[in-house]
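Keep in mind that this is a model prediction, so the values were computed, not measured.
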Amino acid sequence: MERIRGLGSIGLVAGVALVAIGCTSEPHTTPAKATPDPVTFETTDVPQPVSPVQTVAPAPSSTAAPAVNDGDPVYTVRRYLSRWTGHPLQADDTEGRYPLVCPASTLANNPGRLTGTTGFAADNMTSSQGGSGEVEVAVPVTNSSSVTTTLTFDVRKGPQGYCIADITG
């Protein structure tokens, strides 16, 4: 037992450690895998929808009106601005597939209303009930000159959920 003390104990401890973790001079009995197991990453920085109902937008040909809630007008504007700035919430979320502009509206007749828009403050979006059942969604929008202005989106309930009729500000 005297031999364990001193420098001899370092060799003994190192040998025990190598055996404990399975590293010895003998070959391993389990061959290494040719390809590693796939790794799944979960991210939390992806924008999350306000309403789970609108996570997958309704198909334009659908005849059933989707259930809506108070967060849907804000989510509709967020989707529209995300598309406009080149970062749709879903890759296939396009106006052609899932219209967000109300037909025959002021915005439908002036689709370039947001020309020059480069960003928006999604965390600062607010909504209020307007006249005739529409909802007004206010959002700070930044243009290509780095000027931020609050714009108001007139959002109405349509046959496919909410749609945007006009933008003022």
Which atom names give the shortest non-hydrogen contact between Gly112 and Trp84, and what distance separates them? CA-CH2, 4.1 Å

Heavy-atom count around Asp123 CG within 6.0 Å, excluding the residue itself: above 12? no

Minimum heavy-atom distance between Ala165 and Cys102, given as atom pair plus value: N-SG, 3.8 Å

Ignoring hydrogens, what is the shortest heavy-atom contact between Glu95 and Val101? Give both atom names and the distance. OE2-N, 3.0 Å

Identify each donor-acceptor pair in which a side-chain atom of residues 138-146 lies under 3.5 Å from a protein atom, sequence neighbours left out, and give them as a table.
residue : atom : partner : partner atom : Å
Thr142  : OG1  : Thr148  : OG1          : 2.8
Asn143  : OD1  : Ser145  : N            : 2.9
Asn143  : OD1  : Ser146  : N            : 3.3
Asn143  : OD1  : Val147  : N            : 3.1

Which residue pairs pass the salt bridge (Lys or Arg N to Asp or Glu O under 4.0 Å) test with at least one member in residues 142-155, sequence neighbours excluded? Asp154-Arg156

After noting the C-alpha distance and the side-chain angles of Val155 and Glu136, does the key distance pass the side-chain contact (heavy atoms from CB on, under 4.5 Å) rule? CA-CA 6 Å; Val155 183; Glu136 294 176 347; over 6 Å; no

Pairwise distance OG(Ser82) to OH(Tyr75) - rounded to 0.5 angstrom: 8.5 Å

Which is it for Ile164 and Val77 under the side-chain contact (heavy atoms from CB on, under 4.5 Å) test, yes or no, and what are the steps along the way? CA-CA 7 Å; Ile164 303 168; Val77 172; 4.3 Å; yes

Would you say the side chain of Arg113 lies within less than 4.5 Å of the side chain of Leu151, judging by non-hydrogen atoms? yes

Within the 4.5 Å heavy-atom criterion, are Gln90 and Tyr98 side-chain neighbours or not? no

Please check this pair: side chain of Arg79 against backbone of Pro88, looking for a donor-acceptor N/O pair closer than 3.5 Å. no

Which distance, rounded to the nearest 0.5 Å, do you find between the OG1 of Thr94 and the CG of Leu100? 9.5 Å

Do Leu107 and Ile167 make a side-chain contact, defined as non-hydrogen atoms from C-beta onward lying under 4.5 Å apart? yes

Side chain to side chain donor-acceptor pair (under 3.5 Å) against Asn109, all qualifying residues, sequence neighbours excluded: none

Any donor-acceptor pair under 3.5 Å linking the side chain of Glu134 with the backbone of Gln129? no

Are Phe153 and Tyr80 side-chain neighbours, meaning at least one heavy-atom pair lies under 4.5 Å? yes

Let me confirm one number: the CG-CG distance from Leu81 to Leu114, rounded to the nearest 0.5 Å. 6.0 Å

Non-hydrogen atoms of Ala104 and Ala108 that approach each other most closely: N-CB, 4.0 Å

